[in-house]
Trainee: 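Sharing a structure here in structure tokens format.
Since this is a predicted model, take the numbers as computed values, not measurements.
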Amino acid sequence: MRVMAQLAMVMNLDKCIGCHTCSVTCKQTWTNRGGVEYAWFNNVETKPGIGYPKRYEDQERWRGGWTLRRGRLVPAAGGRVRRLLSLFANPDLPALDDYYEPWTYDYRTLTDAPLGDDTPVARPVSALTGAPVDVRWGPNWEDSLGGAPEHALADPVAEKLGREMKLEYEQTFMFYLPRICEHCLNPSCVASCPSGAMYKRAEDGIVLVDQDRCRGWRMCVSGCPYKKVYFNHRTGKAEKCTFCYPRLEVGLPTVCAETCVGRLRYIGVLLYDADRVGAAASTPDEQRLYQAQLDVFLDPRDPDVVRAAERAGIPHDWITAAQRSPVHALIKEYRVALPLHPEYRTMPMVWYVPPLSPVVDALAGTGFDGEDTHNLFGAIDALRIPLDYLAGLFTAGDPEPVRLALRRLAAMRSHLRSVNLGEPPDPAGPRRVGMTADSLEAMYRLLALAKYDDRYVIPTAATGQAHDLEGIATTCSVGGDEDGGPGTTDLFVWRDGERPAGLFPTLREKRS
């Protein structure tokens, strides 16, 4: 057993209101520079929907993640020979239109237009080239349109459900799905990088890009099945979500978690057995990948695990944080949080509590008590959004873990309703979902009442360097570029005689 620690996140989808505050604050902090106008390290999608970039979940097209070949894990994009042959013409790389061409408006027309009878109009122009643009797609273009047929039916997960499921989407059900880099235990982006610039930090599991080693091959972009790696054509480097590691190192949560209006994000430490990761990711049956990843996580209160962690050099405050971790409780103890697309075999470390709210509304509309345990349990299989759809997102098509999570959330809701009304709770309710009344109440306190320090249990790595760490990789969001401000970046080609700064640092060093 080789114990390692990983910082992970859980998001409670029942509490996401789709306000996109997390996306805006993340972009203002991390992607406010030239060359990444189209990049959103954090985005909030409406499900069912196409997603960002378009249809990123269609791995038959994009070939991201891992696949099994004769029992061995290999990148879905192919082995070394295929990747070598496609090094200079990657067929699996999304185009700019799959993201969107960022635009602004010609505000100068409004301020400088001469007096006249006509009202001046600020027309859209490309934020990359400055040329007029016909806007047809953009970030959150399908926001809150999950029930619209043209969006729901184009969802790759919905396509797999078959014709009989499509009719249910006419009832216009939807929910929001915030997404960041998954910081996987078995990251395919790291394995895809020819220059070794992508790496996973041993101390906390965060996946980062070494900007000095990156040579802009963009294999990491195609290798990531979640398409959360971006390419900056201004610098010639790959960029991605850093899990706000400068903040985490001083005990602060990520920017997206700190500013979340719904308080739906939880950050904590998980201990896992690194020797079992490869075997778990190689599980032949895709529907058993969820359980295989659960088995990799260790009990931080087990004395044997604690001793093994100490021998591995994991600091005591990290072990203590793992014992108090809200992420471990939601994933391993209560089992109400589920991974996003485990069938990609990257073993993601951002998990989700599936949405439950519409069950109560649907039941109340029929005249039955929407909070009664027996009614709720029976209605879970008749959700407006099918269990199969949620299973396609979170458990590779296995509905049982999703059903258990929703039943436990329903039992918690029913039990606390009885407690708040002064009624005797049904003692059979908790037992039917494998929990006790005390554990249901503890889960309720974590999901509904948790304070700041309960939602973010983060060990500090270097408090003494707090000022320097918080300033890493951030610039003033209102400042201009050294090249003259926005509107000068071309994401398609580099101009003749020019080379993105930093793409060939060794040449620059020789000239100096």
Trainee: Starting from the C-alpha separation in whole Å, work towards a yes-or-no answer on side-chain contact (heavy atoms from CB on, under 4.5 Å) for Leu409 and Arg413.
Mentor: CA-CA 6 Å; Leu409 294 171; Arg413 177 171 296 182; over 6 Å; no
Trainee: Is the distance between the ring centroids of Tyr290 and Phe394 less than 6.0 Å?
Mentor: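 No, they do not, as the ring centres are separated by 6.0 Å or more.
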Trainee: Carefully, step by step, assess Met198 and Lys240 under the rule side-chain contact (heavy atoms from CB on, under 4.5 Å).
Mentor: CA-CA 10 Å; Met198 301 283 296; Lys240 63 178 293 297; 3.6 Å; yes
Trainee: Is the shortest heavy-atom distance from the side chain of Leu446 to the side chain of Met443 under 4.5 Å?
Mentor: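 Of all side-chain heavy-atom pairs linking Met443 with Leu446, none is under 4.5 Å.
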Trainee: Going through the distances and angles, do Lys160 and Glu57 end up as a salt bridge (Lys or Arg N to Asp or Glu O under 4.0 Å)?
Mentor: CA-CA 11 Å; Lys160 297 179 181 179; Glu57 295 163 299; over 6 Å; no
Trainee: Under the rule for side-chain hydrogen bond (donor to acceptor under 3.5 Å, both in side chains), what residues qualify as partners of Asp302, not counting sequence neighbours?
Mentor: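 Checked Asp302 against side-chain hydrogen bond (donor to acceptor under 3.5 Å, both in side chains); zero matches.
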Trainee: Is Arg335 reaching over with its side chain to a backbone N or O of Pro401, donor-acceptor style, under 3.5 angstrom?
Mentor: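 Not at all, since once roles are kept as given, no pair shorter than 3.5 Å links the two residues.
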Trainee: First locate atom CZ of Arg301, then atom CZ of Arg324, and finally report the distance between them rounded to the nearest 0.5 Å.
Mentor: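 The CZ atom of Arg301 sits 10.5 Å away from the CZ atom of Arg324.
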Trainee: Please find the pair of heavy atoms, one from Ala238 and one from Val229, that lie closest to each other, and give the distance.
Mentor: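 In this case the closest contact between Ala238 and Val229 is CB-CG1, 4.1 Å.
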Trainee: With Ile331, which of Val353, Val336, Val10, Leu338 fulfils side chain to side chain contact (heavy atoms under 4.5 Å, CB included)?
Mentor: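 It is Val10; the other options fail the test.
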Trainee: With a 4.5 Å heavy-atom cut-off, do Thr346 and Pro187 have their side chains touching?
Mentor: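 Result no, sub-4.5 Å side-chain heavy-atom pair not found.
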Trainee: Is Arg201 close to Tyr245 at the side-chain level, that is, under 4.5 Å between some pair of heavy atoms?
Mentor: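 In short, these two side chains touch, coming nearer than 4.5 Å.
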Trainee: Indicate whether any N or O donor in one side chain lies under 3.5 Å from an N or O acceptor in the other, for Asp454 and Tyr266.
Mentor: no
Trainee: Keeping Asn420 on the side-chain end and Leu416 on the backbone end, is there a donor-acceptor pair under 3.5 Å?
Mentor: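 Between the backbone of Leu416 and the side chain of Asn420 there is a qualifying donor-acceptor contact (under 3.5 Å).
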Trainee: Under 3.5 Å, side chain of Gln293 to main-chain N/O of Pro348, donor-acceptor pair present?
Mentor: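 It does hold such a pair.
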Trainee: Who pairs with Arg179 by salt bridge (charged side-chain N to carboxylate O under 4.0 Å, His left out), at least two apart in sequence or on another chain?
Mentor: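 Salt bridge (charged side-chain N to carboxylate O under 4.0 Å, His left out) list for Arg179, sorted by chain: Glu45.
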Trainee: Could you tell me whether the side chain of Tyr456 and the main chain of Lys451 form a donor-acceptor pair under 3.5 Å?
Mentor: no
Trainee: Between Phe243 and Met9, is any pair of side-chain heavy atoms under 4.5 Å apart?
Mentor: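 Heavy-atom side-chain distance check passes, below 4.5 Å.
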Trainee: Spell out, as yes or no, whether a donor-acceptor pair under 3.5 Å connects the side chain of Lys227 to the backbone of Pro53.
Mentor: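 No; judged by distance alone, with no hydrogens or angles, the pair does not exist.
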Trainee: Is it true that Arg55 and Glu60 make a salt bridge, defined as a side-chain N closer than 4.0 Å to a carboxylate O?
Mentor: no
Trainee: Identify the two heavy atoms, one from Ala396 and one from Gln287, that lie closest to each other, and give their separation to 0.1 Å.
Mentor: O-CG, 3.4 Å
Trainee: Taking all atoms of both residues into account, what is the closest heavy-atom pair of Pro300 and Leu298, and its distance?
Mentor: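 Minimum heavy-atom separation between Pro300 and Leu298: CD-O, 3.2 Å.
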Trainee: Check this for me, if you would: do Glu258 and Arg265 make a salt bridge, where the nitrogen-to-carboxylate-oxygen distance has to be below 4.0 angstrom?
Mentor: no
Trainee: For the atom pair OG (Ser222) and CZ (Phe231), what is the distance rounded to the nearest 0.5 Å?
Mentor: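 Rounded to the nearest 0.5 Å, the OG-CZ separation comes out at 12.5 Å.
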Trainee: Using only atom types and a distance under 3.5 Å, with no angle test, would you say the side chain of Arg345 pairs donor to acceptor with the backbone of Trp66?
Mentor: no
Trainee: Under the salt bridge (Lys or Arg N to Asp or Glu O under 4.0 Å) rule, what do Arg2 and Asp275 come out as? Steps first, then yes or no, please.
Mentor: CA-CA 6 Å; Arg2 183 161 59 98; Asp275 289 336; 3.1 Å; yes
Trainee: Any donor and acceptor pair, going by atom type alone, linking the side chain of Ser439 with main-chain N or O of Met435 inside 3.5 Å?
Mentor: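 No: the side chain of Ser439 does not pair with the backbone of Met435.
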Trainee: Between Ser325 and Ala321, is there a donor-acceptor pair closer than 3.5 Å when you use the side chain of the first and the backbone of the second?
Mentor: no
Trainee: Take atom CZ of Arg61 as the centre, draw a 6.0 Å sphere, and report whether it contains more than 12 heavy atoms from other residues, nucleotides or ligands.
Mentor: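 Yes - once you tally the heavy atoms of other residues, nucleotides and ligands closer than 6.0 Å, there are more than 12.
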Trainee: Give the minimum heavy-atom separation between Ile267 and Pro326, together with the two atoms involved.
Mentor: O-CG, 3.8 Å
Trainee: Kindly indicate whether the side chain of Lys228, heavy atoms from C-beta on, has any atom under 4.5 Å from the side chain of Ile180.
Mentor: no
Trainee: Quick one, Val327 with Val457, criterion side-chain contact (heavy atoms from CB on, under 4.5 Å). Give me CA distance, side-chain angles, the key distance, then yes/no.
Mentor: CA-CA 9 Å; Val327 170; Val457 181; over 6 Å; no
Trainee: Pair Arg407, Glu400 - check salt bridge (Lys or Arg N to Asp or Glu O under 4.0 Å), show working.
Mentor: CA-CA 10 Å; Arg407 284 167 63 92; Glu400 292 306 318; over 6 Å; no
Trainee: Does any non-hydrogen side-chain atom of Arg408 lie less than 4.5 Å from one of Arg403?
Mentor: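 No. Closest side-chain heavy atoms not under 4.5 Å.
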Trainee: Report yes if some heavy atom in the side chain of Val44 is under 4.5 Å from a heavy atom in the side chain of Cys22; otherwise report no.
Mentor: yes
Trainee: Ala411 and Val433: which non-hydrogen atoms are nearest, and at how many Å?
Mentor: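 Between these two residues, the closest heavy atoms are CB-CG2, 3.9 Å.
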Trainee: Does Thr395 reach the main-chain N or O of Asp398 with its side chain, forming a donor-acceptor pair under 3.5 Å?
Mentor: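 Side chain of Thr395 to backbone of Asp398: a pair is present.
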Trainee: Between the side chains of Ser23 and Asn43, does any donor sit under 3.5 Å from an acceptor?
Mentor: no
Trainee: Are Tyr56 and Tyr52 an aromatic pair, judged by ring center distance below 6.0 Å?
Mentor: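 No.
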Trainee: Are Gln59 and Tyr344 close enough that some pair of their side-chain heavy atoms sits under 4.5 Å apart?
Mentor: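 In short, these two side chains touch, coming nearer than 4.5 Å.
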Trainee: Can you tell me if Asp14 uses its side chain to pair, donor with acceptor, with the backbone of Pro355 under 3.5 Å?
Mentor: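 Such a contact is absent between Asp14 side chain and Pro355 backbone.
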Trainee: Does Arg63 form a salt bridge (Lys or Arg N to Asp or Glu O under 4.0 Å) with Asp58? I'd like the steps, not just the answer.
Mentor: CA-CA 8 Å; Arg63 300 169 64 89; Asp58 183 5; over 6 Å; no
Trainee: Are there more than 12 heavy atoms of other residues, nucleotides or ligands under 6.0 Å from atom CD of Glu423?
Mentor: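 Yes, CD of Glu423 has more than 12 neighbouring heavy atoms, counting only those of other groups under 6.0 Å.
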Trainee: Minimum heavy-atom separation for Leu73 and Gly278, please, with both atom names.
Mentor: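 Looking at all heavy atoms of both residues, the shortest contact is CD1-O, 4.2 Å.
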Trainee: May I have all residue pairs that pass side chain to side chain donor-acceptor pair (under 3.5 Å) and include part of residues 181-190, sequence neighbours excluded?
Mentor: none
Trainee: Any Lys/Arg nitrogen of Lys54 or Glu142 sitting under 4.0 Å from an Asp/Glu carboxylate oxygen of the other?
Mentor: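 Salt bridge: no.
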Trainee: If you apply the rule side-chain contact (heavy atoms from CB on, under 4.5 Å), what do you find for Asp295 with Arg276, and how did you get there?
Mentor: CA-CA 9 Å; Asp295 294 339; Arg276 299 169 62 182; 3.6 Å; yes
